[in-house]
There are 4 protein chains.
Amino acid sequence: MKETEPKKDWKTRLHGIIYEAETKEGKLFDVILLIFILASVLLVMLESVKSINEKYYTILNISEWIITILFTIEYILRVISIKKPLSYIFSFYGIIDLLSTIPKYLSFIIVGSHNLIALRALRLLRVFRILKLTRYVGASNRLIIALKASKTKIAVFLFFVIILCTILGTIMYIIEGQENGFTNIPKSIYWAIVTLTTVGFGDITPQTPFGQFIASIIMILGYAIIAIPTGIVSSEMTKNNQEIENNTEVCPNCAIEHHKENAKHCYNCGSKLHS
Amino acid sequence: MKETEPKKDWKTRLHGIIYEAETKEGKLFDVILLIFILASVLLVMLESVKSINEKYYTILNISEWIITILFTIEYILRVISIKKPLSYIFSFYGIIDLLSTIPKYLSFIIVGSHNLIALRALRLLRVFRILKLTRYVGASNRLIIALKASKTKIAVFLFFVIILCTILGTIMYIIEGQENGFTNIPKSIYWAIVTLTTVGFGDITPQTPFGQFIASIIMILGYAIIAIPTGIVSSEMTKNNQEIENNTEVCPNCAIEHHKENAKHCYNCGSKLHS
Amino acid sequence: MKETEPKKDWKTRLHGIIYEAETKEGKLFDVILLIFILASVLLVMLESVKSINEKYYTILNISEWIITILFTIEYILRVISIKKPLSYIFSFYGIIDLLSTIPKYLSFIIVGSHNLIALRALRLLRVFRILKLTRYVGASNRLIIALKASKTKIAVFLFFVIILCTILGTIMYIIEGQENGFTNIPKSIYWAIVTLTTVGFGDITPQTPFGQFIASIIMILGYAIIAIPTGIVSSEMTKNNQEIENNTEVCPNCAIEHHKENAKHCYNCGSKLHS
Amino acid sequence: MKETEPKKDWKTRLHGIIYEAETKEGKLFDVILLIFILASVLLVMLESVKSINEKYYTILNISEWIITILFTIEYILRVISIKKPLSYIFSFYGIIDLLSTIPKYLSFIIVGSHNLIALRALRLLRVFRILKLTRYVGASNRLIIALKASKTKIAVFLFFVIILCTILGTIMYIIEGQENGFTNIPKSIYWAIVTLTTVGFGDITPQTPFGQFIASIIMILGYAIIAIPTGIVSSEMTKNNQEIENNTEVCPNCAIEHHKENAKHCYNCGSKLHS
């Protein structure tokens, strides 16, 4: 295909470089973008470390400006080179691309109120640039198919987990009470989730023997019901396997199905398969 | 069906609205009920947060009375509109519906002893209203079928886990002793459950090298045997898949289902299948 | 079978009662034994709770003597009623039965040195009586078959986990050092096991940024490789399913296999199956 | 094979003893090596325990020298007895074998600066000798095949987990802030990993109600997505099973394997299969 390409206008070529990865330039663009995304996320992280930010403030700030300008150029090029700019602008990645660029400019405008928490939060939005990386994972992934297929079941499961934790949290609030750290029901539900999911921070722990008994039941419950989401995904992926493995070809002679994936002859009558 | 509906008496219509979700009114009733259940659970939670309860006591109390009265009306309507009221009253949801209504009335009667722990517990029973939500999940769910099928196996597994924790807890009590937090066997068993289920609160931890060695074994054991309930549910759900995927054909002679995928004859009566 | 039983000598009858559960007396014996085992384990636990032991010392001591004498009688009857007493005495349950009986008698002999730790440990051996309960779970259990089949794979997996933890523990000892709680390599390995198995007590935690980075890798590793034992058992149980579900009967007419479990007719030729 | 062995030169015999395990001497060599590896790893561990190292310094040092010399001899013999010494020297195990030997000699040279951390780290490299044990696990293991097959999927999964933790960590840093232990973004990401993987050390815990709410979501997420790697490996191993279980018949014409279970004709060349 590459050889037969006729002369293209710059817009089509730009589109090829930015949106596709088939040409050499397209691949190079992707690699460079990837490096800048990672560098940008690293910058956000380093800025948050007080000692580093104080010492290398100027370097970090300049680097961040360079990256922001480059991402701005990328954003503009993406808008220009596409046929329907609006469909890009309001797409998931379009919004991410924009959101990860503006915070730095805002810090330029509201320079006096540098420490505003809302602004700090906005600036941290740049970390969402990491989501751009997900572009590089094929969306038609078998993993994602299996997850989508088990969506409803997992939702039902999570629904039960939340109901369970609500009730267990309330019970623990009654048993342990405020003197043992279970100060209110929302906090007790938080504890029930910490326990049922086998996370177990240990910031709140039951102190009464009866509370520890109920906690034991919650833990064993959590240990057993972790089997449910696993079972759902496992069975979905196994099904997936079977479907994909099964050749859908039909024998032209005896019309039998379910040939091996690389079969050249029918396993039933031996006649040649077309493919 | 909707068009051909003849005139119905009010009892049948009420039954349709409350117990079914096929008519427009039925759906609306369900949505409103759902909102009130969630609101009611939220109220119980907010009441338990001291600062909120002190500040907004009147609002919370009034809201709770409104919800309680509405649930009482719902309960009465459910009893009236059903043909066999007793079967509803003594059903699981019937008991939940009643239990979630009375506590508030009791607080009215025993107004003086407002801080009684038993009463507080009773009032919190209203949180069980959340169980009403489970009505909205189809009971014939495949997930539940798989779980029911693996009931015995999971019971055997839990039985082994409890025996294991009893023995491991006792061993740790001997090794670590009272000076390291393992004050008695029930507490040591509680610790063994915390560890085996990979929760790991950290409120009690082994201090002696030998205790840490045994703890390591318990942890690796817990890490490995979590595979068992998962394996049970996975295999059950995979089986489930296969059965459901199987031939949907019905025998033209004996009307039996679930034939093998490549079956030419009914496995029950032997008559020829068309396909 | 019950009706056709001829007159039997007392030894055979005793054997039937103690070792089997087919007669009414056999079932009754099992239920009583089960209650006594649970009571005996409960006693050991209660004795370990200081406050309870001090208050109810006499009651606990007498109850324990009653149970010990009953278990002694049971042990003697088991030895008498079996044809090959030695095979019972040296069997797993024979040893458990004996071990759970002697400690109490030893406490009678060495009455002066009542607080000896070794003796206390011996007395706690009575908790092993709980293992007697495993008698009531069919040994031919499908669960156990699947576990036995995956024995080697799980051993290989545990072997890798131990090697991994040894290396990771040593690395963390180098990075974090003695000042951050990683006082020596065995303790660091203990920490690596706590972390990899996702238990996470939190008694030792990495303090340096690099240590936290390595810890993150260990955690993600542990989160991912928990999939391995689960995968092993799941696939083994699924295989198991398939094997058990597959009818091994062969059609007497066309000799085809893999009939449905409840098939009466061959799915291929329709001829009647014998069974 | 053993009986028909002709006279071999010492090099071939040495190769047979060291690299293979078919002869009696080869097996003996392996067992001895295994014991020495375990002893050597144990020595490294014991040396790190201050109290033991101080008390038994001379014994530990001498034992370590003996083991180091033996491993040196083993290394030299391995280099001599193989046809292509370089391929061994630069192989994975060749490097491990060398790395686990030199540190002790280095400690001899740089004897004055005995406490240098870099050197201590080098000496601990000897713990990598434990990796030699992996030689004894068949590389063609089914477990490893299944893991290799699911390599890409697990990489994608880990990639998502890291992106998720980056974003969740940043969000928690914004919500909780420096006053609650979330001092910077890298530390918050560390916390997100600790929480999502259900490890839950508890060294950093959310203090604000909103932070606890987000933490609850992270925990439930972690509890649910652990199903993904498990599902991947389970389905891969189940597939594995099916492939291996499949027909072991070999085509009499083209010698191809892995026919379908009920195949009558070879799927490759179409010639009739006998069965």
Side-chain angles (χ1 to χ4, degrees), chain B residues 38 41-42 45-53 55 143 146-147 150 181 191 193-205 207-213 215-216 219-220 222-242 245 260-264, chain D residues 38 41-42 45-53 55 143 146-147 150 181 191 193-205 207-213 215-216 219-220 222-242 245 260-264:
Chain B
L38 289 176
V41 171
L42 196 72
M45 285 184 198
L46 290 177
E47 264 177 62
S48 80
V49 184
K50 226 174 182 174
S51 59
I52 294 174
N53 193 31
K55 216 169 169 183
L143 192 58
L147 288 181
S150 46
W191 175 87
I193 293 171
V194 168
T195 306
L196 194 88
T197 58
T198 78
V199 170
F201 281 135
D203 50 348
I204 313 164
T205 51
Q207 302 300 325
T208 64
F210 190 53
Q212 291 178 342
F213 177 70
S216 300
M219 285 179 273
I220 290 177
Y223 192 58
I225 66 176
I226 203 171
I228 298 173
T230 309
I232 295 168
V233 176
S234 290
S235 82
E236 208 58 58
M237 294 200 80
T238 309
K239 201 168 103 183
N240 220 319
N241 273 344
Q242 289 164 354
E245 266 166 44
K260 283 202 64 168
E261 229 174 319
N262 53 347
K264 292 172 195 161
Chain D
L38 289 176
V41 171
L42 196 72
M45 286 184 199
L46 290 177
E47 265 177 62
S48 81
V49 183
K50 226 173 180 173
S51 58
I52 293 174
N53 193 31
K55 215 168 169 182
L143 192 57
L147 288 182
S150 46
W191 175 86
I193 294 171
V194 167
T195 306
L196 195 86
T197 58
T198 77
V199 171
F201 281 135
D203 50 348
I204 313 164
T205 50
Q207 302 300 325
T208 63
F210 190 53
Q212 292 178 342
F213 178 70
S216 300
M219 285 181 273
I220 289 177
Y223 191 60
I225 67 176
I226 203 171
I228 298 173
T230 310
I232 295 168
V233 177
S234 291
S235 81
E236 209 58 58
M237 294 200 80
T238 309
K239 201 168 103 183
N240 219 320
N241 273 345
Q242 288 163 354
E245 266 166 44
K260 282 204 63 168
E261 230 174 318
N262 52 346
K264 292 172 195 161

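Side chains included, hydrogens not; waters and symmetry mates left out as well; all remaining heavy atoms used. Here is the naming used below: chain letters follow the sequence lines, and residue numbers restart at 1 for every chain.
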Rounded at 0.5 Å granularity, tell me how far CD1 in D/Ile226 sits from CD1 in B/Ile226.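 Reported to 0.5 Å precision, the distance equals 6.5 Å.
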What part of B/Val49 lies closer than 4.5 angstrom to a heavy atom of chain D: side chain, backbone, both or neither?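 Nothing of B/Val49, per the 4.5 Å heavy-atom cut-off to chain D.
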Is D/Thr198 close to chain B through its backbone or its side chain, or both, or neither, when contacts mean heavy atoms under 4.5 Å?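 Contact with chain B involves the backbone of D/Thr198 alone.
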